Amino acid sequence: AQSVAQPEDQVNVAEGNPLTVKCTYSVSGNPYLFWYVQYPNRGLQFLLKYITGDNLVKGSYGFEAEFNKSQTSFHLKKPSALVSDSALYFCAVRAPYSGAGSYQLTFGKGTKLSVIP
Amino acid sequence: NAGVTQTPKFQVLKTGQSMTLQCAQDMNHEYMSWYRQDPGMGLRLIHYSVGAGITDQGEVPNGYNVSRSTTEDFPLRLLSAAPSQTSVYFCASSYKNYNSPLHFGNGTRLTVT
């Protein structure tokens, strides 16, 4: 079974500093990895994905994520945090295709990012 | 494009009542799914569908029913509401392309008393 761990419930960072939100995964085979962001009282919004290829993936709003196969990690990063980045961030994994049930996307429990002015 | 539309936004039920949460998408997505979000639990998959007439169970299907008669609509039925079903429910859809990201609705906040 596939799983995702986000080891930090909350991350605090000063505005202008770099930020990292951590994610590790467990899946059989090559993973499909996603990051989503959730603002208060809203649904999740897609940020970026890793399917194959370059280990550094760039996404929306200046975010990027680094895939590390040996450490089974997919950490979300941004060089300079903004107050408006404050939100709940979710990492998600999908196993390699093996039938209709493979479409299931398994989410981590989320990390609350607070950017302090 | 409206995207994924969920109704109602809020609902309060008494234990034992039934209701249907509506979900509609206008992006011609084949894949649709229902998740529930609970504090500290992340999102858990309830049911999903890969096309009209095809549905299957996710991680937490008990107490919920779904059907998919059209590509656009994927309603979630609570058969006999229980306090444990108090949660925020999200509908999400995507193309059946395996690397397509999910598009989420804005959620339905359900309270069962």
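Values below: every heavy atom of this structure, side chains too, minus hydrogens, waters and symmetry copies. Just so you know, these numbers come straight off a predicted model, no measurement behind them. The chains referred to below are lettered A, B, ... by the order of the sequence lines, with proteins before strands, and numbering in each begins at 1.
Of the listed residues (Ala95(A), Gly110(A), Ala92(A)), the greatest number of heavy-atom pairs within a distance under 4.5 Å of chain B belongs to Ala95(A). The greatest number of non-hydrogen atom pairs below 4.5 Å with chain B, out of Ile51(A), Asn41(A), Val4(A), is found for Ile51(A). When each of Leu45(B), Leu102(B), Asp38(B) is scored by its heavy-atom pairs under 4.5 Å with chain A, the top score falls to Leu102(B). Chain A forms the most heavy-atom pairs under 4.5 Å with one residue out of Gly107(B), Gly51(B), Ser100(B), Ser33(B), and that residue is Ser100(B).
Contact of Lys96(B) with chain A is made through backbone and side chain together, with heavy-atom distances under 4.5 Å. Neither the backbone nor the side chain of Gln6(A) comes within contact range of chain B; no heavy atom of the residue lies under 4.5 Å from a heavy atom of that chain. Contact annotation for Asn99(B): both backbone and side-chain heavy atoms come within less than 4.5 Å of a heavy atom of chain A. Heavy atoms of Arg44(B) lying under 4.5 Å from chain A are absent altogether. When heavy atoms are compared at a cutoff of 4.5 Å, Gln6(B) does not approach chain A at all.
Under the 4.5 Å side-chain heavy-atom criterion for grouping Ile, Leu, Val, Met, Phe, Trp and Tyr, Tyr95(B) is not connected to Phe74(B) through any hydrophobic cluster. Hydrophobic clustering (ILVMFWY, side-chain heavy atoms < 4.5 Å, transitive): Phe107(A) and Phe74(A) are in distinct clusters. Tracing side-chain contacts under 4.5 Å through hydrophobic residues (I, L, V, M, F, W, Y), one reaches Tyr25(A) starting from Val57(A); they form part of the same cluster. Clustering ILVMFWY residues whenever any of their side-chain heavy atoms sit less than 4.5 angstrom apart, transitively, puts Trp35(A) in the very cluster that holds Leu113(A). No chain of hydrophobic side-chain contacts below 4.5 Å, direct or via other Ile, Leu, Val, Met, Phe, Trp or Tyr residues, connects Ile116(A) to Leu19(A).
Contact record, Phe90(B) with Gln38(A): CZ-NE2, 3.3 Å, taken as the closest heavy-atom pair. Residues Pro101(B) and Phe46(A) come closest through the heavy atom pair CB-CD1, 3.4 Å. The nearest pair of heavy atoms linking Gln37(B) to Phe90(A) is NE2-CZ, 3.3 Å.
Around atom CZ of Arg77(B), more than 12 heavy atoms belonging to other residues, nucleotides or ligands sit under 6.0 Å away. Counting heavy atoms of neighbouring residues, nucleotides and ligands inside a 6.0 Å radius, atom CG of Asn97(B) exceeds 12 of them.
The distance from atom CG of Leu43(B) to atom OH of Tyr36(A), rounded to the nearest 0.5 Å, is 10.5 Å.
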